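Have a look at the structure below before the remarks.
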Protein chains: 2
Amino acid sequence: MNIGQAAKASGVSAKMIRYYESIGLIPKTLRTESGYRVYSDHDVHTLRFIRRARDLGFSVEQIADLVSLWQDRERASKDVKAIALEHVGVLERKIRELQEMASTLKHLAVNCHGDARPHCPILEELASDGAEPAAAKPDAKFGVLGKTAAR
Amino acid sequence: MNIGQAAKASGVSAKMIRYYESIGLIPKTLRTESGYRVYSDHDVHTLRFIRRARDLGFSVEQIADLVSLWQDRERASKDVKAIALEHVGVLERKIRELQEMASTLKHLAVNCHGDARPHCPILEELASDGAEPAAAKPDAKFGVLGKTAAR
DNA sequence: TTTAATCCTTCCAATCATGGGAAGGTCAAG
DNA sequence: CTTGACCTTCCCATGATTGGAAGGATTAAA
C-alpha cells in the first residue's frame with residue numbers, strides 16, 4: 001500500500017504520516033526500490049489509533065505514550081487511565097476558560113443595542129480603566145483559540 | 001514612557017508591543033534620539049484595550065476591527081455587536097467540541113479499572129476498527145488545544 | 001510507444017501569538 | 001567610569017498542519 005492509500009484508509013493525511021515518521025511517532029517504513037513508502041494493514045491500524053487519539057485532543061507527545069502502552073502487553077491500565085484523566089483535566093480547564101469568555105461577551109452583547117448608534121457597552125468595557133471584570137485571562141500555557149487542528 | 005513601563009502599565013509584554021507595531025495593529029510610536037520607543041498614557045490605554053480583547057479570546061484580526069470601531073465616533077454599535085456575537089459562536093462551538101471529547105474520555109476512563117492489570121477499555125476504544133463513537137472530530141479550522149496563548 | 005495524469009519523493013515556507021536569546025547600543029546611579 | 005538595567009534589531013522555536021515547488025515514478029489512455 002502506498003502512502004496515499006494508507007492515508008485514505010486511516011484518515012491521516014499523507015503529509016501527517018510523513019511528519020509522524022519524521023518525529024519518530026511511527027517507525028520508518030519499508031520502501032520500494034524507487035523510494036515509495038509501503039504500508040501494511042497493521043501500519044494502517046496504528047495510524048487509525050493515532051487519529052482517534054488526536055480526535056480526542058491528545059497531543060502528539062501523549063499519543064506517543066499511548067501508542068507505546070498500547071503495544072506493551074504488560075502495561076498497567078492505571079498508566080493509561082492517568083494519561084486520560086490528566087487530559088480530561090486539561091480539557092475541562094479549557095472549557096471553563098472559554099465559558100467565562102463566552103459568558104462575559106454575551107452579557108456585554110445583551111446590553112448593546114446593536115443598532116446604528118455609536119453607544120456600545122462592549123467597547124466601553126474593553127476600554128474601561130477599572131480592574132478586570134468577570135473574564136479570566138487565559139492560561140499562559142494553553143491558548144484559547146489555537147489553530148492547530150487534529151486532522 | 002519607555003516600552004518596559006508601557007508594558008507594565010498595560011499588561012502587554014514589550015515583545016508583544018513591538019509585534020503589534022510590526023503588524024500594524026498599533027501605529028509606530030515616536031522615538032527618542034537614541035531610538036527608544038516612547039509611549040503616552042493614551043497609547044497605554046489602547047494597549048490595555050487590546051489586552052482585554054485578547055483576554056476574551058479575540059484574534060488579532062478581530063482586535064484590529066474592534067480598535068478601529070472604538071476609535072470611530074460614528075460607528076454603529078451593531079458592527080461591534082456582530083463581531084462579538086460571531087466570536088461567541090466560535091467560542092461555543094469550541095466549547096461543545098471540547099465537551100464531547102471530555103465526555104467520551106470520562107466514559108472510557110470510568111470503565112477502566114486503573115490498576116496493575118493490562119486490560120484497558122481506553123486503549124481498546126482507540127484501537128477499535130468500528131465506526132467513530134461519540135467523540136466528534138475537531139473542526140479542521142479551529143484546533144482544540146493550541147498552544148498559542150494570550151498572555 | 002508516447003504522453004498525460006496521477007502518484008510519489010524531499011525541502012522549504014506559512015500559519016498564530018508568543019517567548020527566548022544573542023549582539024550591541026543607551027542610560028542612570030554609584 | 002563602571003555596573004546593571006534597560007533598550008534596539010534579528011533570528012529561532014513552539015504545535016500540528018497545510019501548501020507548494022521541483023523533480024522522479026507509475027499507470028492508464030491515446
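In what follows, chains are A, B, ... by sequence order, proteins preceding strands, each numbered from 1. All figures in this text were calculated on a predicted structure; none of them were measured in a lab.
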So which protein nitrogen or oxygen atoms get under 3.5 Å of nucleotides 26-30 of chain C's nitrogens or oxygens?
unit_1	atom_1	unit_2	atom_2	d
C:dT26	O4'	B:Y36	OH	3.3
C:dT26	O3'	B:S34	OG	3.4
C:dT26	O2	B:Y36	OH	3.4
C:dC27	OP1	B:S34	OG	2.9

Scan nucleotides 9-11 of chain D against the protein and return all N/O pairs shorter than 3.5 Å with their distances rounded to 0.1 Å.
unit_1	atom_1	unit_2	atom_2	d
D:dT9	OP1	B:R31	NH1	3.3
D:dT9	OP1	B:R31	NH2	3.0
D:dT9	OP2	B:R37	NH1	2.9
D:dT9	OP2	B:R37	NH2	2.8

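Atom C1' of nucleotide D:dA16 and atom CD1 of A:I63 are separated by 10 Å, given to the nearest angstrom. In this structure, CG of A:L25 is placed 10 Å from P of D:dT17, rounded to the nearest angstrom. Between the CE atom of A:M16 and the P atom of D:dT18 there is a distance of 7 Å, given to the nearest Å. The interatomic distance linking B:E61 (CD) with C:dA17 (C1') rounds to 14 Å, in whole Å. Between A:I3 atom CD1 and C:dC8 atom P there is a gap of 7 Å when expressed in whole angstrom units. Atom CZ in A:R51 sits about 16 Å away from atom C1' in D:dT17, given to the nearest Å. Going from atom NZ of A:K8 over to atom P of C:dT6 covers 12 Å, rounded to whole Å. Atom-to-atom, CD1 of B:I17 to C1' of D:dC7 comes out at 13 Å; the value is rounded to the nearest Å.
A donor-acceptor pair shorter than 3.5 Å can be found between the side chains of B:R52 and A:S128. Side chain to side chain, B:D43 and B:S40 meet the donor-acceptor criterion of an N or O pair below 3.5 Å.
Minimum interatomic distance between B:M101 and A:L91 (heavy atoms only, all atoms of both residues): CB-CD1, 3.9 Å.
Between B:L69 atom CG and B:I83 atom CD1 the span is 5.0 Å, to the nearest 0.5 Å. Rounded to the nearest 0.5 Å, atoms CG (A:D41) and CZ (A:R48) are 8.5 Å apart. Atom NZ of A:K28 is separated from atom CD of A:E21 by 7.0 Å, given to the nearest 0.5 angstrom. The distance from atom CG of B:L56 to atom CD of A:E100, rounded to the nearest 0.5 Å, is 10.5 Å.
Annotation for B:Q71: atom CD counts as buried by contact number, over 12 foreign heavy atoms lying within 6.0 Å.
Among residues two or more places apart in sequence or in another chain, the ring-ring contact (aromatic ring centres under 6.0 Å, His included) test is passed with A:Y39 by none.
For A:R54, counting side-chain heavy atoms from C-beta on, the closest listed nucleotide (D:dT17, C:dG19, C:dA17) is D:dT17.
Under 4.0 angstrom from either OP1 or OP2 of D:dG15 there lies no side-chain N or O belonging to A:Y19.
The residue among A:V38 and B:V60 whose nearest nucleotide of DNA chain C lies closer to the 5′ end is A:V38. Both B:N2 and A:S13 lie near DNA chain D, and the one whose nearest nucleotide falls closer to the 5' end is B:N2.
Among residue pairs with one or both ends in residues 109-123 of chain B, those qualifying as salt bridge (charged side-chain N to carboxylate O under 4.0 Å, His left out) are B:D115-B:R117; sequence neighbours excluded.
End-to-end axis angle for the helix from C:dT1-D:dA30 to C:dG30-D:dC1, using five pairs per end and rounding to 10°, comes out at 30°.
Taking a 4.0 Å limit (strictly below) on heavy-atom distances, residues 43-50 of chain A does not reach DNA chain D anywhere.
Looking at A:V80 and A:D65, their side chains never come closer than 4.5 Å, going by heavy atoms from C-beta outward.
Ring orientation note: the planes of A:W70 and A:F49 are close to parallel, at an angle under 30° on the 30°/60° scale.
Residues B:D55 and B:R51 are paired through a salt bridge, judged by an N-O separation under 4.0 Å between the basic side chain and the carboxylate. Under 4.0 Å is where a charged nitrogen must lie from a carboxylate oxygen, and between A:E92 and B:K106 at least one such pair does.
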